[in-house]
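A short worksheet on the structure shown next.
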Amino acid sequence: MRNVIYAINVTLDGCFDHTSAIPPDDEGMEYYTQLLRDVDLLVFGRKTYQLMVPYWPDIAKNHSETKAENDFADTFDSKTKIVFSRSLESAEGNTRIVGTNLKDEILKLKKEQGKDILVGGVDIPSQLIELGLVDEYRFVVQPVIAGEGRRLLEGISLPEKLRLKLVESRIFKSGCIALRYLKQ
């Protein structure tokens with residue numbers, strides 16, 4: 001069975017909002033590029049999808065950024081994507097829009113053959129965490145105190161406390177710390 005991996009940047013004070021984060025340096029981009037290479041399906045909600053597309057596909061097309069960003073863009077662009085949305089009418093390239101039940105669709109995807117599934121953003125991952133469908137968590141903690149911003153699990157109530165096991169950590173030169181947790 002495929003695992004669902006949730007990966008995101010987070011500030012020291014728990015903000016998961018992209019506007020609170022510092023842009024990743026080459027080391028951070030390489031970390032996320034490797035994570036993308038290890039999966040074959042990306043899952044987003046509409047808001048996160050529209051932050052990522054057309055931004056990264058355009059960079060993949062033009063190779064207009066650093067080598068690390070271009071590599072990330074190429075890898076991102078090559079992946080199959082699913083967007084959960086009731087309002088998005090069209091999507092680019094290898095992207096499928098799904099407006100049906102999140103739980104049923106993710107359970108179906110987990111049973112399919114293939115590499116793991118990477119989910120990003122805040123809303124869809126929060127719902128998947130509430131449903132108990134996230135198997136692995138990758139948080140890149142940034143040396144920033146944002147003071148405000150979106151938080152994970154806002155408006156969500158977990159049926160019980162979620163216990164995680166730290167299985168890997170890595171300190172970047174930038175001061176960011178990548179933490180990898182598995183659901184216990």
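Numbers here simply count residues along the sequence, with the first being 1.
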- [ ] Please test Asp38 against Ile5 for side chain to side chain contact (heavy atoms under 4.5 Å, CB included), starting from the C-alpha separation and ending with a verdict.
- [x] CA-CA 10 Å; Asp38 292 340; Ile5 300 170; over 6 Å; no
TODO: Assess whether side chain to side chain contact (heavy atoms under 4.5 Å, CB included) is satisfied between Val140 and Val10, documenting all intermediate values.
DONE: CA-CA 6 Å; Val140 176; Val10 57; over 6 Å; no
- [ ] Check the pair Leu109 / Ile82 against side chain to side chain contact (heavy atoms under 4.5 Å, CB included), numbers first and verdict last.
- [x] CA-CA 10 Å; Leu109 292 167; Ile82 291 180; 3.6 Å; yes
Task: Trace of the side chain to side chain contact (heavy atoms under 4.5 Å, CB included) decision for Phe76 with Leu42 - done: CA-CA 9 Å; Phe76 177 86; Leu42 307 178; 3.6 Å; yes
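Criterion: ILVMFWY side-chain heavy atoms under 4.5 Å apart, direct or through other members. Under it, Phe139 and Val43 are part of a common hydrophobic cluster. In the hydrophobic cluster analysis, where Ile, Leu, Val, Met, Phe, Trp and Tyr join through side-chain heavy atoms closer than 4.5 angstrom, Ile97 is grouped apart from Leu41. In terms of hydrophobic clustering, with Ile, Leu, Val, Met, Phe, Trp and Tyr side chains grouped at heavy-atom distances under 4.5 Å, Leu179 and Val119 are assigned to a common cluster. In the hydrophobic cluster analysis, where Ile, Leu, Val, Met, Phe, Trp and Tyr join through side-chain heavy atoms closer than 4.5 angstrom, Ile129 is grouped together with Val141. Criterion: ILVMFWY side-chain heavy atoms under 4.5 Å apart, direct or through other members. Under it, Val144 and Ile177 are not part of a common hydrophobic cluster.
Not one N or O on the side chain of Lys110 forms a donor-acceptor pair closer than 3.5 Å with the backbone of Ile117. In this structure a side-chain-to-backbone donor-acceptor pair under 3.5 Å is missing from Lys183 to Tyr137. Within the 3.5 Å criterion, the main-chain N or O of Leu12 finds no donor-acceptor partner in the side chain of Gln142. Side chain of Thr33 to backbone of Met29: a donor-acceptor contact under 3.5 angstrom is found. At distances below 3.5 Å, not a single donor-acceptor pair connects side-chain atoms of Asp13 with backbone N or O atoms of Ile145. In this structure a side-chain-to-backbone donor-acceptor pair under 3.5 Å is missing from Asp116 to Val39.
The shortest heavy-atom contact between Pro143 and Ser174 is CG-O, 3.8 Å. Taking each heavy atom of Ala146 and Cys15 in turn, the nearest pair found is CB-SG, 3.9 Å.
Test Asp135, Ile106, Asp40 against Arg2 for side chain to side chain contact (heavy atoms under 4.5 Å, CB included) and you get one pass: Asp40.
Taking the charged nitrogens against the carboxylate oxygens, Asp123 and Arg150 do have a contact shorter than 4.0 Å, which makes a salt bridge. Arg180 and Glu136 are joined by a salt bridge, as a carboxylate oxygen and a charged side-chain nitrogen come within less than 4.0 angstrom of each other. Between Lys108 and Asp104 no salt bridge is recorded (no basic side-chain N to carboxylate O distance below 4.0 Å). Ionic pairing of Glu27 and Arg170 is present here: one or more N-O contacts between side-chain nitrogen and carboxylate oxygen are shorter than 4.0 angstrom.
The number of heavy atoms from other shown groups lying within 6.0 Å of CD1 (Ile171) does not exceed 12. Annotation for Glu148: atom CD does not count as buried by contact number, only 12 or fewer foreign heavy atoms lying within 6.0 Å. No more than 12 heavy atoms of other residues, nucleotides or ligands shown are found within 6.0 angstrom of CD on Gln113. Heavy-atom contacts from other residues, nucleotides or ligands closer than 6.0 Å to NZ of Lys115 number more than 12.
Using a 4.5 Å heavy-atom cutoff, the side chains of Leu35 and Arg138 are in contact. Looking at heavy atoms from C-beta onward, Leu164 lies in side-chain contact with Leu162 at the 4.5 angstrom threshold. Side-chain contact between Phe72 and Glu65 is absent, with no heavy-atom pair separated by less than 4.5 Å.
With rounding to the nearest 0.5 angstrom, the CZ atom of Arg151 is 16.0 Å from the CD1 atom of Ile156. Distance check, rounded to the nearest 0.5 Å: OG of Ser126 to CG of Leu131 gives 11.0 Å. If you take NZ on Lys79 and CZ on Arg37, they are separated by 9.0 Å, rounding to the nearest 0.5 Å. Here the straight-line distance linking atom CD of Glu30 with atom CZ of Phe172 works out to 9.5 Å at 0.5 Å rounding. Between the CD1 atom of Ile8 and the CG atom of Leu152 there is a distance of 7.0 Å, given to the nearest 0.5 Å.
Side chains of Tyr32 and Asn9: a donor-acceptor N/O pair is present below 3.5 angstrom, by distance only. Glu105 and Asn101 are not linked by any side-chain donor-acceptor pair at a separation below 3.5 angstrom, with hydrogens and angles left out of the test. A donor-acceptor contact under 3.5 angstrom links the side chains of Lys81 and Asn94, judged on distance only.
In the hydrophobic clustering, Val167 connects to Leu182, either directly or through intervening members, whenever side-chain heavy atoms lie under 4.5 Å apart.
Taking the six-membered ring wherever Trp is involved, the centroid distance between the rings of Phe84 and Phe44 does not fall below 6.0 Å.
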For residues 49-63, which side-chain N or O atoms pair as donor and acceptor with protein atoms under 3.5 Å away, sequence neighbours left out?
{"residue": "Tyr49", "atom": "OH", "partner": "Glu92", "partner atom": "N", "Å": "2.9"}
{"residue": "Gln50", "atom": "OE1", "partner": "Arg46", "partner atom": "NH1", "Å": "2.8"}
{"residue": "Asn62", "atom": "ND2", "partner": "Asp58", "partner atom": "O", "Å": "3.1"}
{"residue": "His63", "atom": "NE2", "partner": "Ala60", "partner atom": "O", "Å": "3.4"}
{"residue": "His63", "atom": "NE2", "partner": "Asp74", "partner atom": "OD1", "Å": "2.9"}
{"residue": "His63", "atom": "NE2", "partner": "Asp74", "partner atom": "OD2", "Å": "2.9"}

